[in-house]
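So you know, we letter chains A, B, ... as the sequences are listed, proteins then strands, and number each from 1.
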There are 2 protein chains.
Amino acid sequence: MTKPRRQTRIQQRNRRAILDAALAEFSNAGFAGATLDAIALAAGLSKPNLLYYFPSKEAIYLDLLSALMSMWLDPLLALDADGEPIEEIVAYALRKLRMSRDFPRESRLFANEIVSGAPRFAARIEGELKNLVDDKAALIAQWQDQGLLAAMEPRHLIFSIWAVTQHYADFDAQVRGILAPHGNAHFDEAERFVETFYRHALAPEAGAPAMPAPAARN
Amino acid sequence: MTKPRRQTRIQQRNRRAILDAALAEFSNAGFAGATLDAIALAAGLSKPNLLYYFPSKEAIYLDLLSALMSMWLDPLLALDADGEPIEEIVAYALRKLRMSRDFPRESRLFANEIVSGAPRFAARIEGELKNLVDDKAALIAQWQDQGLLAAMEPRHLIFSIWAVTQHYADFDAQVRGILAPHGNAHFDEAERFVETFYRHALAPEAGAPAMPAPAARN
DNA sequence: CCTGTTTCTGACCGTCTGGTCAAACAATTC
DNA sequence: GAATTGTTTGACCAGACGGTCAGAAACAGG
């Protein structure tokens, strides 16, 4: 039991290569559409060798989901109760947007999983993700009660931020088909849009400073 | 050549059953994940019989895409240049939201296709869809120049409406995991959110009536 | 060098999948 | 009721796919 040395350098390199290749494959083809042969090829390994590092296709997929979960949650986690509400939410939306630009494969992996009914992900959605959203929704509701934000259902506001920002990664093919951009230039446009849009949408009514919002039914 | 009678009653019934079953399968599993056996089973036919009506799996898929294309475009098409701008756009968003509620399979079919890079759909995106968006984006820009709408890039505004409304169909599993709703009750909440959100976000600045918008760079 | 361990591979297997086909069955027409 | 046309099926096929396995390399340490 001396010197555990859990992973050799070769293991580290190959596992990394496999996960990277798998991310590319799964995010483009979904779980069903991706093949071990394609992943092995992209990783520069033979298929049996790939299965030397991971016991099955599903194990690779689940490993990816787990590894990316925190990256997925981080931007929302950073929403700061002590910050200025509108700035905090706008900054959150911009963080998510930049993740769509910088990590589109990760976004599409989750998108594929969830569009297909999240068969291997439901537990985590109803667990970690739901808890985090509940927390932050309460924070937003509090800000609204203080008249610092326009009144609107906080969870749906969060959904809208996810939807709008992830749209640029998940529906990249459509966005590019319509904007016909060069490279990632359209992301600058998107940043300006997201910032002005949410800043405007979140601003409380001028003459309603510290009153409970009109449509607060819950 | 007398009495063409293109489709018998049996043909009509079976083709309909196949397309319906295929929509269910493709929207849940994507093109790769869906199987002819599953479609045939759901349609109440044997696999060879299914292939008597359609030449191939891809033919069924393409038939579906074509048939659903106009349903997809209609809500945007109905955006009326003679209407009141904010009401028109809010009504458009609500139409799209109700489509997510009433036709989630159709929405997920497109979502699956586009998330996977739209391999069988790119032509239509760059054709019909792009043209329609260009048209309506010009109309929105015109409204903005008249000071009737807050200034923001029209195409990205349209994207945001697609993203927010389709989110409820495409990411249904996630929405349900977080809201834990009974049936479709959360769609009422979503309707209220979408309406107030866009009404607020689109309202022009109080003191900027008929001036070209500040960030109009294009 | 030898030895034990880690890494890698070719050959193989059972299953599933999209698709074919000849023939049976049903419906319609004359 | 015979002939024609339209519909359905069981049996089958070739290829792809996830996964196994025995053993060959490559790599370590002594």
Side-chain angles (χ1 to χ4, degrees), chain A residues 1-65 112-113 116 119-120, chain B residues 1-65 112-113 116 119-120:
Chain A
M1 229 186 239
T2 57
K3 284 190 190 175
R5 190 198 276 184
R6 282 291 160 79
Q7 285 216 142
T8 70
R9 243 153 294 151
I10 294 179
Q11 273 170 14
Q12 221 167 3
R13 170 170 53 82
N14 283 346
R15 287 183 65 96
R16 218 184 286 267
I18 290 169
L19 288 174
D20 190 67
L23 175 58
E25 284 296 316
F26 284 133
S27 65
N28 278 330
F31 181 78
T35 71
L36 288 181
D37 293 271
I39 296 171
L41 185 72
L45 301 172
S46 66
K47 186 168 62 171
N49 199 16
L50 183 153
L51 286 162
Y52 168 73
Y53 289 100
F54 289 88
S56 70
K57 180 184 177 182
E58 185 148 1
I60 304 175
Y61 187 75
L62 293 178
D63 238 55
L64 268 178
L65 280 185
N112 252 313
E113 170 69 13
S116 304
R120 304 154 218 273
Chain B
M1 230 184 236
T2 58
K3 285 190 187 176
R5 191 197 275 183
R6 282 292 160 79
Q7 284 214 140
T8 70
R9 243 153 294 154
I10 294 179
Q11 274 171 15
Q12 222 168 359
R13 169 170 52 82
N14 283 346
R15 287 182 67 97
R16 218 183 286 267
I18 291 169
L19 288 174
D20 190 66
L23 175 57
E25 284 296 317
F26 283 133
S27 66
N28 278 330
F31 181 79
T35 70
L36 288 182
D37 294 88
I39 295 172
L41 185 71
L45 300 172
S46 67
K47 187 167 61 169
N49 199 14
L50 185 151
L51 286 162
Y52 169 73
Y53 289 100
F54 288 88
S56 70
K57 180 182 178 183
E58 184 149 2
I60 304 177
Y61 188 75
L62 293 177
D63 238 55
L64 268 178
L65 279 184
N112 252 312
E113 170 69 14
S116 305
R120 303 151 220 273

Passes side chain to side chain contact (heavy atoms under 4.5 Å, CB included), N14(B) versus L50(B)? Steps please. CA-CA 8 Å; N14(B) 283 346; L50(B) 185 151; over 6 Å; no

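- R13(B) has its CZ atom 10 Å from the P atom of dA27(C), to the nearest Å.
- Summarising the geometry, atom CD1 belonging to I60(A) is positioned 11.0 Å from atom CD belonging to E25(A); distances are rounded to the nearest 0.5 Å.
- Contacts with DNA chain C (heavy atom under 4.0 Å) in residues 23-51 of chain A: S46(A), P48(A), N49(A), listed by number.
- Residue R120(A) places its CZ atom among more than 12 non-hydrogen atoms of other residues, nucleotides or ligands, all under 6.0 Å distant.
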What do the steps show when you test N49(A) against Y52(A) for side chain to side chain contact (heavy atoms under 4.5 Å, CB included), and what is the final call? CA-CA 5 Å; N49(A) 199 16; Y52(A) 168 73; 4.0 Å; yes

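- Atom CD of E58(B) is separated from atom P of dG19(C) by 8 Å (rounded to the nearest Å).
- Side-chain contact between R15(B) and F54(B) is present, with at least one heavy-atom pair separated by less than 4.5 Å.
- A sub-4.0 Å separation between OP1 or OP2 of dT7(D) and a side-chain N or O of Q11(B) is present.
- Considering only the side chain of Y52(B), dT8(D) comes nearest among dT8(D), dC8(C), dG19(C).
- Two residues, I10(B) and K57(B), neighbour DNA chain C, and the one matched to the more 5' nucleotide by heavy-atom proximity is K57(B).
- Within the 4.0 angstrom heavy-atom criterion, only backbone atoms of the sugar-phosphate kind lie near Y53(B); the bases stay farther away.
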Trace of the side chain to side chain contact (heavy atoms under 4.5 Å, CB included) decision for F31(A) with N112(A): CA-CA 8 Å; F31(A) 181 78; N112(A) 252 313; over 6 Å; no

